[in-house]
Amino acid sequence: MIGAAAEGPGDDTGGPPPPPSAPEETPAVPLLEPRDGLPPLVTTGDALEDAVRRLGAGHGPVAVDAERASGFRYGHRAFLVQLRRRGAGTVLIDPVACPDLSGLDEALADAEAVIHAASQDLPCLADLGYRPRLLFDTELAGRLLGYPRVGLGTLVETVLGFSLEKSHSAADWSTRPLPEEWLRYAALDVEVLVELRDALAAELAEHGKSDWARQEFAAALSAQPAAPRPDPWRRTSGIHRVRSRRGLAIVRELWLERDRIARRRDLSPTRVLTDAAIIEAARSLPAESGGLANIAGFGGRGARRHASEWQRAIDRARAQPDRALPAVSARPGDGPPPAHRWPERDPDAASRLTAVRGVVAALADEHHLPAENLLPPDSVRRLAWQPPDPVSAEAVGARLAGYGARPWQVELASRPIAGALLRIAEKSEG
C-alpha cells in the first residue's frame, strides 16, 4: 500500500510505472508501505531454504540491496540483505543468523542482479557466498545518462515519480532485534528497483549507450578488491597539521593501536578514538598519561578504557630512533607524482595534462556524462605523465586499455587524445 489514498507503483507483472508527465510540477508520491506488506525477517535455515526456493522460481531480474554498519562496526560486512523478484515478492535475510547464501547464489545463477552502487554491495555479498553473474547498476546507469544526482532516492523520484524515505540510511544495522520501522525502510529500497532498472535501460537504449552500460557492468563484476594502501595511517584526517617526524610516529603508533583494538572489539575505529584526538596527541607530544588525559578526545569513557594502551603507543613512538621515524611525505607510489608539482618538475607533462583533461571534459560534455566516468582521473594522469612514443591513436588506445579502460572508452577517447598530445609535442619542438 502506498499511503492512505495513493495507488501502488504497479504490480509485479505490469512493468515500470509511468513517470509523472510534469515532474517539476507534480509532487512525488511517497512510498510508505511495501506493496505486498512487510515480509518476515528470514532468521532460520528452513526459512532461508523457502525464500531461496521462491526467489529461484521467480522470473526476470532480482533487485538486491545490503545494509552495513560501517560507522559502528569494524569492516564492511552486511547485516541485512534485501531481495525482490517478480513472482517471488520481497525477501529480507538476516546474514548474522544465516551467514551462508551459497544456496541463493545457485538459485539465482542465471538472474540479473539489479543493485544501486554495486561496488559497495558486491564485496559484502561475496563474503556471504552470493556472487551475481549478471549485473545492472542503477547508479552507474544514471551516471552514464548524465543525471546530476544519482542517489537511489533522487533517481527514483526523478525517473519514476516516487519518493523514498532515507532517514535510516546511516543506522546501526548490527542492532538486534531490528526495529520494524527499519525493516520497512529496507524493504522499500528494493520495492521499485527493477522498475527503475527498466526505465533506465530504455533511456540507455534511446541514447545509444546500452553497450557502454553492459561493458561497465561487466567491469564492476570482475573488479578485484583494492590492494591494501601503503601506510594507511597517513589517511588520518588532519594529518597535514602534524609537522614533525616524531609527531608522525605518534600518529602511526596510535592509529595502529586503535586498529588493533577496533578489530578485537568489532567497532568502527573512530568509535574507539577519533582522528582529531590522534592529531592533537601528535601535536602536543605528551610524555605522561596525565598529559594525555587532558587532550580533547581522550577524556571520554570509551577512550579512557584504553588509556594505558594509548600511552604505550606514544611511548613507543617517543623511543624510536630518528632513522626509524616516518618521512614527512608519503612514499611515492607506482604512479606519477601529485599533479600540483608537475609545472615545476616537468612543465611539458603539465601542458599535456591540461590538454588531455580538456579533451576528456569536452567529450564528457558532448556525451552527457561525468568526465570521471569517461576516463578515470588516474588514467588521465598516467597517460599525460608518460605518453606512448611515438604517439598515435592506436598507441594511446593500447595504453588506456592497459589502465583498465573499456572498449567504448578507448574508441571514444583515443583519437582525440592522441591529436592533443601531438599538438603539444609540435609546440614544444617549435
Side-chain angles (χ1 to χ4, degrees), residues 115-120 122 135-152 154-155 158-159 196-197 199-224 226 334-336 338-340 342 349-388 391-425:
I115 306 178
H116 190 81
S119 62
Q120 298 179 27
L122 287 173
L135 173 68
F136 191 104
D137 185 335
T138 48
E139 183 197 53
L140 190 46
R143 290 182 179 277
L144 293 176
L145 289 165
Y147 281 95
R149 297 171 60 199
V150 292
L152 178 59
T154 302
L155 275 182
T158 303
V159 177
L196 178 63
R197 172 248 183 256
L200 294 175
E203 286 191 52
L204 288 166
E206 178 185 351
H207 294 286
K209 295 181 177 181
S210 295
D211 191 51
W212 296 8
R214 279 191 289 270
Q215 293 179 36
E216 291 299 306
F217 301 158
L221 283 175
S222 62
Q224 297 299 310
D334 63 350
H340 68 270
W342 292 23
S351 298
R352 290 193 298 268
L353 181 60
T354 298
V356 175
R357 281 175 169 172
V359 168
V360 172
L363 286 170
D365 186 62
E366 177 185 351
H367 294 279
H368 307 290
L369 73 162
E372 61 269 22
N373 287 104
L374 193 144
L375 279 181
D378 183 65
S379 298
V380 171
R381 287 191 295 269
R382 289 174 182 269
L383 183 64
W385 182 252
Q386 192 171 22
V391 171
S392 68
E394 292 74 16
V396 168
R399 187 68 61 85
L400 289 174
Y403 297 148
R406 267 65 77 188
W408 73 269
Q409 296 169 317
V410 171
E411 180 180 357
L412 202 64
S414 57
R415 190 166 300 279
I417 287 178
L421 291 174
L422 286 170
R423 287 191 293 273
I424 291 293

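What's counted below: heavy atoms across the whole structure, side chains too, no hydrogens, waters or symmetry copies.
- Of all non-hydrogen atoms in Arg352 and Trp385, the two that sit nearest each other are NH2-O, 3.3 Å.
- A side-chain donor-acceptor contact under 3.5 Å links Asp137 to the backbone of Ala117.
- What you find for Leu200 and Phe136 is that their closest heavy atoms are CB-CZ, 4.2 Å.
- Annotation: ring-ring contact (aromatic ring centres under 6.0 Å, His included) contacts of His367 (sequence neighbours excluded): Trp212.
- Under the rule for a ring-ring contact (aromatic ring centres under 6.0 Å, His included), Tyr147 has no partner lying at least two apart in sequence or in another chain.
- Evaluation of the salt bridge (charged side-chain N to carboxylate O under 4.0 Å, His left out) test over residues 371-388, restricted to residues two or more places apart or in two chains, returns Asp334-Arg382, Asp378-Arg381, Asp378-Arg382.
- Heavy atoms only, all atoms of each residue included: Leu135 and Ala220 are closest at CD2-CB, 3.9 Å.
- Contact check for Leu422 versus Ser392: no side-chain heavy atoms found under the 4.5 Å cut-off.
- Residues Trp342 and Pro336 form a side-chain contact, since some pair of their non-hydrogen atoms from C-beta on lies under 4.5 Å apart.
- Side-chain contact between Val396 and Leu400 is present, with at least one heavy-atom pair separated by less than 4.5 Å.
- The two residues Ala355 and Ile424 come nearest to each other via the heavy atoms CB-CG1, 3.9 Å.
- Closest of all the heavy-atom pairs between Arg399 and Pro387 is NH1-C, 3.7 Å.
- Legend: residues meeting side chain to side chain contact (heavy atoms under 4.5 Å, CB included) with Ser210, ordered by chain and number and at least two apart, are Leu204, Ala205, Arg214.
- For Gln215, the side-chain hydrogen bond (donor to acceptor under 3.5 Å, both in side chains) criterion is met by Asp211, not counting sequence neighbours.
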N/O donor to acceptor pairs below 3.5 angstrom from side-chain atoms of residues 405-420, sequence neighbours left out:
| residue | atom | partner | partner atom | Å |
| --- | --- | --- | --- | --- |
| Arg406 | NE | Glu216 | OE2 | 2.9 |
| Arg406 | NH1 | Gly404 | O | 2.9 |
| Arg406 | NH2 | Glu216 | OE1 | 2.9 |
| Arg406 | NH2 | Glu216 | OE2 | 3.3 |
| Trp408 | NE1 | Glu216 | OE2 | 2.9 |
| Gln409 | OE1 | Arg406 | N | 2.7 |
| Gln409 | NE2 | Asn373 | O | 3.0 |
| Gln409 | NE2 | Leu374 | O | 3.0 |
| Ser414 | OG | Val410 | O | 2.8 |

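- In this structure the side chain of Leu144 reaches within 4.5 angstrom of the side chain of Leu369, judged on heavy atoms.
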